[in-house]
Participant: 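Structure provided below as structure tokens; questions to follow.
Computation of the quantities below employed the complete heavy-atom set of this structure, encompassing side-chain atoms and omitting hydrogens, waters and symmetry-equivalent molecules.
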Amino acid sequence: MPRTLTVRPPEQGVRLITLQRPEALNALNTELLGELAFELESAEQDADTRAVVITGGRKAFAAGADIKEMAERDLVGILNDPRLAHWQRITAFKKPLIAAVNGFAFGGGCELAMHADILIAGEDARFGQPEINLGIMPGAGGTQRLLRAVGKSLAMQMVLTGEAIDARHALRAGLVSEVTQPEFTVERAIAIARVIAQKAPLAVRLAKEALLKAEDTDLASGLRFERHAFTLLAGTQDREEGIRAFQEKRRPEFTGQ
């Protein structure tokens, strides 16, 4: 059983994962990251789970890496850090992942939030990469994902000063897609996930892959990937069901076939 997070079984296709280290503001230690990676792999294999929402507490989504644990690692320890494998497993998650963020999302917490495909923030959310204050720098994708999300100037400012931005600034910058009242953040994220869960699973998976491809390839290659994925979907039963349901003016029943 997970000890650093709680998992709610899928309801209407949506699984909810909540980080549970309140005594450490959900700092991402090796145990938590390992359990999160395991739960995402389980969700990926579960046909009843079509989307996942990840959240933390009202005070903190995740306040960063576990500094005590980090201080115990020397150069060799960092090179052999098991957390790298956990981050890679989280990155590889193929189903839609939505983050519901209240409070602090600092350091590793901000990096985890940026692993999500959709990010919903409460009005009290704050995002930052304060590693520079410890004489280090982001190491779980913070420099790369932040620059792609908010642009060079703001990413440079956040990483080099260590200063955080609030939810409204994050919305204007493109880091988050919506800002809600803190008490509704999780509810809103689940609502979005349920809409996605009603769609054709294969189409959702390939659409996500195509969108992510746009981040790390040139336009021509991205367009080729998109067309290839579009063509593959022509052979699915869900495509036939979607077109038939549209013609018959009813809700489609997608099976993932």
Side-chain angles (χ1 to χ4, degrees), residues 4-5 14-22 24-29 32-33 35-37 39-40 43 51-66 83 86-93 95-131 137-151 154-155 158-159 162-180 182 184-190 192-193 196 208 211-212 215:
T4 61
L5 48 82
V14 179
R15 183 179 301 211
L16 176 64
I17 298 177
T18 304
L19 309 182
Q20 289 282 12
R21 290 192 73 211
L25 296 178
N26 292 331
L28 303 177
N29 64 0
L32 189 155
L33 284 173
E35 290 183 357
L36 178 58
E39 290 300 333
L40 288 177
V52 171
V53 171
I54 182 172
T55 191
R58 285 292 298 272
K59 186 175 182 180
F61 174 73
D66 190 305
R83 292 176 301 173
H86 300 329
W87 280 114
Q88 290 172 338
R89 290 158 66 196
I90 294 167
T91 302
F93 184 61
K95 294 181 179 180
L97 180 62
I98 301 173
V101 177
N102 285 321
F104 303 121
F106 289 168
C110 187
E111 290 169 318
L112 177 58
M114 289 190 291
H115 274 70
D117 303 306
I118 299 172
L119 212 166
I120 307 300
E123 289 276 6
D124 61 347
R126 290 177 59 80
F127 301 87
Q129 299 289 164
E131 291 90 343
M137 61 174 280
T143 60
Q144 304 304 299
R145 288 189 171 85
L146 189 62
L147 188 142
R148 285 166 170 78
V150 305
L154 182 56
M158 291 175 66
V159 171
E163 295 175 352
I165 60 174
D166 61 24
R168 289 294 170 182
H169 194 168
L171 178 65
R172 293 194 300 271
L175 181 59
V176 308
S177 58
E178 289 187 22
V179 174
T180 71
F184 300 129
T185 310
V186 176
E187 180 181 324
R188 177 58 181 153
I190 291 174
I192 294 171
I196 296 171
K208 171 177 172 171
L211 286 162
L212 292 177
E215 287 189 327

Participant: In a check of side-chain contact (heavy atoms from CB on, under 4.5 Å) between Leu112 and each of Leu33, Val101, Leu36, Leu32, which one passes?
Facilitator: Leu36
Participant: Mind running side chain to side chain donor-acceptor pair (under 3.5 Å) on Thr185 and Thr180 for me, showing each step along the way?
Facilitator: CA-CA 6 Å; Thr185 310; Thr180 71; 3.2 Å; yes
Participant: Quick check for you: to the nearest 0.5 Å, what is the distance between Cys110 atom SG and Phe104 atom CZ?
Facilitator: 13.5 Å
Participant: What distance separates Thr91 OG1 from His86 NE2, expressed to the nearest 0.5 Å?
Facilitator: 12.5 Å
Participant: If you apply the rule side-chain contact (heavy atoms from CB on, under 4.5 Å), what do you find for Ile17 with Val52, and how did you get there?
Facilitator: CA-CA 7 Å; Ile17 298 177; Val52 171; 3.9 Å; yes
Participant: With a 4.5 Å cut-off on side-chain heavy atoms, are Ile196 and Val14 touching?
Facilitator: no
Participant: Under the ring pair (Phe, Tyr, Trp, His ring centres under 6.0 Å) test, which residues partner Phe127, sequence neighbours left out?
Facilitator: none
Participant: Check Phe61 against Gly109 and note the closest heavy-atom contact, atom names and distance.
Facilitator: CE2-O, 3.4 Å
Participant: Is Gln144 close to Glu111 at the side-chain level, that is, under 4.5 Å between some pair of heavy atoms?
Facilitator: no
Participant: Show the numbers, then the answer: is there a side-chain contact (heavy atoms from CB on, under 4.5 Å) between Ser177 and Leu119?
Facilitator: CA-CA 6 Å; Ser177 58; Leu119 212 166; 5.5 Å; no
Participant: So does Met158 get a backbone contact from the side chain of Glu163, meaning a donor-acceptor N/O pair under 3.5 Å?
Facilitator: no
Participant: How long is the gap from CD on Glu187 to OG1 on Thr55, to the nearest 0.5 Å?
Facilitator: 12.5 Å
Participant: Using side-chain contact (heavy atoms from CB on, under 4.5 Å) as the criterion, point out the one residue from Val150, Leu175, Val176 that pairs with Met114.
Facilitator: Leu175
Participant: Hey, does Leu146 have a side-chain heavy atom less than 4.5 Å from the side chain of Leu154?
Facilitator: no
Participant: For the pair Arg145 and Glu215, find out whether any cationic side-chain nitrogen is under 4.0 Å from an anionic carboxylate oxygen.
Facilitator: no
Participant: Please list, chain by chain and in numerical order, all residues satisfying salt bridge (Lys or Arg N to Asp or Glu O under 4.0 Å) with Lys208, sequence neighbours excluded.
Facilitator: Asp117
Participant: Is there a side-chain contact between Arg15 and Glu39 in this structure, where contact means two heavy atoms from C-beta onward sitting under 4.5 Å apart?
Facilitator: yes
Participant: To the nearest 0.5 Å, tell me how far Asn102 CG sits from Arg126 CZ.
Facilitator: 14.0 Å
Participant: Among all residues two or more places apart in sequence or in another chain, which pass the ring pair (Phe, Tyr, Trp, His ring centres under 6.0 Å) test with His115?
Facilitator: Trp87
Participant: For the side chain of Lys95 and the backbone of Ala43, is there at least one donor-acceptor N/O pair under 3.5 Å apart?
Facilitator: yes
Participant: To the nearest 0.5 Å, how far apart are CD1 in Ile118 and CD1 in Ile192?
Facilitator: 6.0 Å
Participant: Does any non-hydrogen side-chain atom of Val186 lie less than 4.5 Å from one of Ile120?
Facilitator: no
Participant: I would like to know whether Asn26 and Thr4 meet side-chain contact (heavy atoms from CB on, under 4.5 Å); could you show each step before the answer?
Facilitator: CA-CA 8 Å; Asn26 292 331; Thr4 61; over 6 Å; no
Participant: Taking it one step at a time, do Val53 and Leu97 satisfy side-chain contact (heavy atoms from CB on, under 4.5 Å)?
Facilitator: CA-CA 6 Å; Val53 171; Leu97 180 62; over 6 Å; no
Participant: Is any side-chain heavy atom of Glu178 closer than 4.5 Å to one of Arg188?
Facilitator: yes
Participant: Would you say Gln129's side chain and Val159's backbone share a donor-acceptor pair under 3.5 angstrom?
Facilitator: no
Participant: Which distance, rounded to the nearest 0.5 Å, do you find between the CG of Leu40 and the CD1 of Ile54?
Facilitator: 6.5 Å
